[in-house]
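Report on the structure given below.
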Amino acid sequence: MTKDVVHTVEGLVDSIIEARARTEALRRLPEEIVEGLVDGQLFRLAVPQANGGPEVDPLTCLDVYERLAAAEPSVAWAVWNSSLPCLFSRFLDEGTRQEIFGEHDGKYASSTRPTGTAARQNGSFRVSGRWSLVSGCMHADWLGLMCLVEEDGEVEMIEPGAPHMRMAFVPTGSVEILDTWNVGGLRGTGSHDVVAEGVDVPASRTFSPMEPSTLDAPIGRVPIAATMAAGHASICVGMTASALDAVTELGRSKVSPDPAPSLPDRASNQFVVGSGRARLSAHRLELRRALSAVWEAAEKSEGPQPEAVADLWAAAVVCARECRRLVEELYEVAGTPALYVDSPLERHHRDIHAAMQHIIVQRFWLEDVGRIRFGMDPGNPLFFL
């Protein structure tokens with residue numbers, strides 16, 4: 001399946017590039033692009049083989065995200081975002097996992113923001129609330145929505161200062177999608193708000209991320225949050241590689257009307273382009289080395305060592321942040337041609353800045369990496385999730 005999925009991506013790239021303008025105009029993925037992704041099971045990369053999924057290893061997933069991001073970051077984002085609920089399926093019982101993730105054409109989206117409530121009622125939950133930034137909700141079949149559990153109108157507490165949170169899987173048809181995604185970067189992801197009003201959800205379709213995995217397979221043991229951070233970084237790598245190619249091509253083809261030295265003749269530009277690929281390759285290799293370490297532990301039925309998870313977080317967050325820095329430099333090197341919407345640099349500049357607003361690559365993860373290095377516990381309880 002590994003070779004098949006990479007081959008599938010290559011077969012979709014041309015159509016994804018051709019659909020860029022419509023992707024932007026629609027503020028979601030065009031239907032024919034969604035169909036191609038569904039046919040290749042790209043929305044189900046992390047679904048276990050036991051449930052009919054491809055169960056693609058995380059390193060191959062990096063190849064998928066990177067290649068898609070070079071073509072159109074919004075497509076890569078939708079595929080990457082769909083992997084999170086698939087990885088979360090490890091917390092469901094086998095029957096429910098099959099019910100939600102067993103269909104070949106399944107498509108998924110989620111929100112980990114606990115901006116809704118799940119009120120207990122006779123073995124089920126009544127889910128209500130509003131969730132923002134639900135990327136892919138326009139084409140998803142199932143939504144995973146994080147909620148605060150309530151009983152008798154009061155939020156349950158696991159311990160002082162720690163509310164009981166559960167994610168509930170609901171069919172997309174049971175919620176309302178509000179048209180709120182009016183943005184520049186990652187415009188094609190359709191990351192609208194969704195609203196649920198008293199949706200009845202069986203308890204079996206809910207879980208706490210603090211519960212043990214019910215999936216005895218490598219994909220059920222790999223750390224979820226750090227693996228998702230690595231996927232995010234690979235999207236940034238894909239955008240940056242494309243930006244490098246665009247600047248190189250621009251320097252070779254652009255004729256400058258100014259008397260000043262042209263783009264490729266300036267030493268500062270030569271330095272950025274000359275060092276850029278090496279900088280990008282170094283971060284890309286470290287990202288893959290760190291992910292390989294935790295995946296090998298998962299394959300051996302072992303839990304990854306804390307230091308290995310810390311290495312992966314560091315590699316992912318630093319890689320993504322350095323990619324943003326390099327894209328900024330390349331945007332400056334390109335000059336005024338980078339202003340136009342038909343330039344890959346214009347798209348990658350705004351897309352990578354939008355991507356870097358995601359919580360998965362914020363500075364506090366690196367602070368927790370430092371805490372691990374000092375022999376302390378991480379401050380974020382999701383660090384080892």
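Residue indices begin at 1 and follow the sequence shown.
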Quiz item: Applying the 4.5 Å side-chain criterion to the ILVMFWY set and letting contacts propagate, would V47 and V34 be lumped into a single cluster?
Solution: yes
Self-check item: Separation of L37 CG from L68 CG (nearest 0.5 Å)
Solution: 7.0 Å
Quiz prompt | L62 and W80, any side-chain heavy atoms less than 4.5 Å apart | solution = no
Practice problem: Count the heavy atoms of every other residue, nucleotide or ligand shown that sit under 6.0 Å from CD of E99, and state whether that count exceeds 12. | Solution: yes
Quiz item: Near E299 CD, under 6.0 Å, is it more than 12 heavy atoms from other residues, nucleotides or ligands?
Solution: yes
Quiz prompt | Pairwise distance CD(E10) to CG(D63) - rounded to 0.5 angstrom | solution = 10.0 Å
Practice problem: Give a yes or no on whether L244 and V237 share a hydrophobic cluster (residues Ile, Leu, Val, Met, Phe, Trp, Tyr; joining criterion: side-chain heavy atoms under 4.5 Å apart). | Solution: yes
Self-check item: Electrostatic pair R44-D105, nearest N-O below 4.0 angstrom
Solution: no
Quiz prompt | Hydrophobic cluster identity match, F364 and L366, side-chain contacts under 4.5 Å | solution = yes
Quiz item: Between E156 and R120, is there a salt bridge with N-O shorter than 4.0 Å?
Solution: yes
Quiz item: Heavy-atom distance under 4.5 Å between the side chains of P73 and L186, does that happen here?
Solution: yes
Self-check item: Atom pair OG1 (T23) and CD (E18), whose distance is rounded to the nearest 0.5 Å
Solution: 11.5 Å
Quiz item: Can you check salt bridge (Lys or Arg N to Asp or Glu O under 4.0 Å) on R221 and D216, steps first, answer last?
Solution: CA-CA 8 Å; R221 291 187 286 268; D216 186 19; 2.8 Å; yes
Self-check item: 4.5 Å side-chain heavy-atom contact, P48 and E55
Solution: yes
Exercise. Any chance you could lay out the side chain to side chain donor-acceptor pair (under 3.5 Å) test for T214 and R97, step after step, and finish with the verdict?
Key: CA-CA 10 Å; T214 64; R97 187 160 54 239; 3.0 Å; yes
Quiz item: Given side chains that start at C-beta, do those of R363 and R321 come closer than 4.5 Å, heavy atoms only?
Solution: yes
Quiz item: Does a salt bridge link D179 with R28, judged by any charged N lying under 4.0 Å from a carboxylate O?
Solution: no
Quiz item: Does the side chain of I224 reach to within under 4.5 Å of the side chain of R90, using non-hydrogen atoms?
Solution: yes
Quiz item: Roughly how far, to the nearest 0.5 Å, is OG of S281 from NE2 of H283?
Solution: 10.0 Å
Self-check item: Neighbour count above 12 (heavy atom, 6.0 Å) for N182 CG
Solution: yes
Exercise. Say whether, by atom type as modelled, one donor and one acceptor occur between the side chain of T180 and the main chain of D193 under 3.5 angstrom.
Key: yes
Determine all donor-acceptor pairs shorter than 3.5 Å in which one atom belongs to a side chain in residues 369-385; sequence neighbours excluded.
{"from": "R371", "atom 1": "NE", "to": "D377", "atom 2": "O", "distance (Å)": "2.6"}
{"from": "R371", "atom 1": "NH2", "to": "D377", "atom 2": "O", "distance (Å)": "3.0"}
{"from": "R373", "atom 1": "NH2", "to": "D311", "atom 2": "OD1", "distance (Å)": "2.3"}
{"from": "N380", "atom 1": "OD1", "to": "L382", "atom 2": "N", "distance (Å)": "2.8"}

Quiz item: Do the charged groups of R325 and E328 touch, with an N to O distance under 4.0 Å?
Solution: no
Quiz item: So, for G198 and R126, which heavy atoms are closest and what is the spacing to 0.1 Å?
Solution: O-NH1, 3.2 Å
Quiz prompt | Heavy-atom donor-acceptor pair, D141 side chain to K107 backbone, under 3.5 Å | solution = yes
Quiz prompt | Spacing of C236 atom SG and Y65 atom OH [to the nearest 0.5 Å] | solution = 13.5 Å
Quiz item: Are E249 and R252 ion-paired here, with the side-chain N under 4.0 Å from a carboxylate O?
Solution: no
Quiz item: Around atom CD of E332, are there more than 12 heavy atoms of other residues, nucleotides or ligands at under 6.0 Å?
Solution: no
Exercise. Please confirm whether the backbone N or O of L12 pairs with a side-chain atom of S15, one donor and one acceptor, at under 3.5 Å?
Key: yes
Quiz item: Counting only N and O atoms by type, is there a donor-acceptor contact under 3.5 Å from the side chain of S213 to the main-chain atoms of G220?
Solution: yes
Quiz prompt | In one Ile/Leu/Val/Met/Phe/Trp/Tyr side-chain cluster, 4.5 Å: I359, V318 | solution = yes
Quiz item: Should the pair R350-E346 be classified as a salt bridge under the 4.0 Å nitrogen-to-oxygen rule?
Solution: yes
Quiz item: Are the aromatic rings of F169 and F88 close, with centres under 6.0 Å apart?
Solution: no
Quiz item: Are any side-chain N or O atoms of T117 and backbone N or O atoms of A119, one a donor and one an acceptor, separated by less than 3.5 Å?
Solution: no
Practice problem: Look at the aromatic rings of H358 and W77 and report parallel, tilted or perpendicular, splitting at 30° and 60°. | Solution: perpendicular
Quiz item: Is a side-chain donor or acceptor of S82 paired with a backbone partner of F43 at a separation under 3.5 angstrom?
Solution: yes
Quiz item: Sub-3.5 Å donor-acceptor pair from the side chain of R187 to the main-chain atoms of V183, do we have one?
Solution: yes
Quiz item: Are Y108 and I177 grouped together when hydrophobic residues (ILVMFWY) are joined by side-chain heavy atoms under 4.5 angstrom apart?
Solution: no
Quiz item: Is there a side-chain contact between C137 and T172 (heavy atoms, below 4.5 Å)?
Solution: no
Practice problem: Go through the side-chain N and O atoms of D200 and Q121 and say whether any donor and acceptor fall under 3.5 Å apart. | Solution: yes
Quiz item: Excluding sequence neighbours, so at least two apart, what forms ring pair (Phe, Tyr, Trp, His ring centres under 6.0 Å) with W131?
Solution: none
Quiz item: What distance separates N81 CG from S111 OG, expressed to the nearest 0.5 Å?
Solution: 9.5 Å
Quiz item: Any side-chain heavy atom of R277 within less than 4.5 Å of one from D245?
Solution: yes
Quiz item: In this structure, are over 12 heavy atoms from other groups packed under 6.0 Å from E154 atom CD?
Solution: no
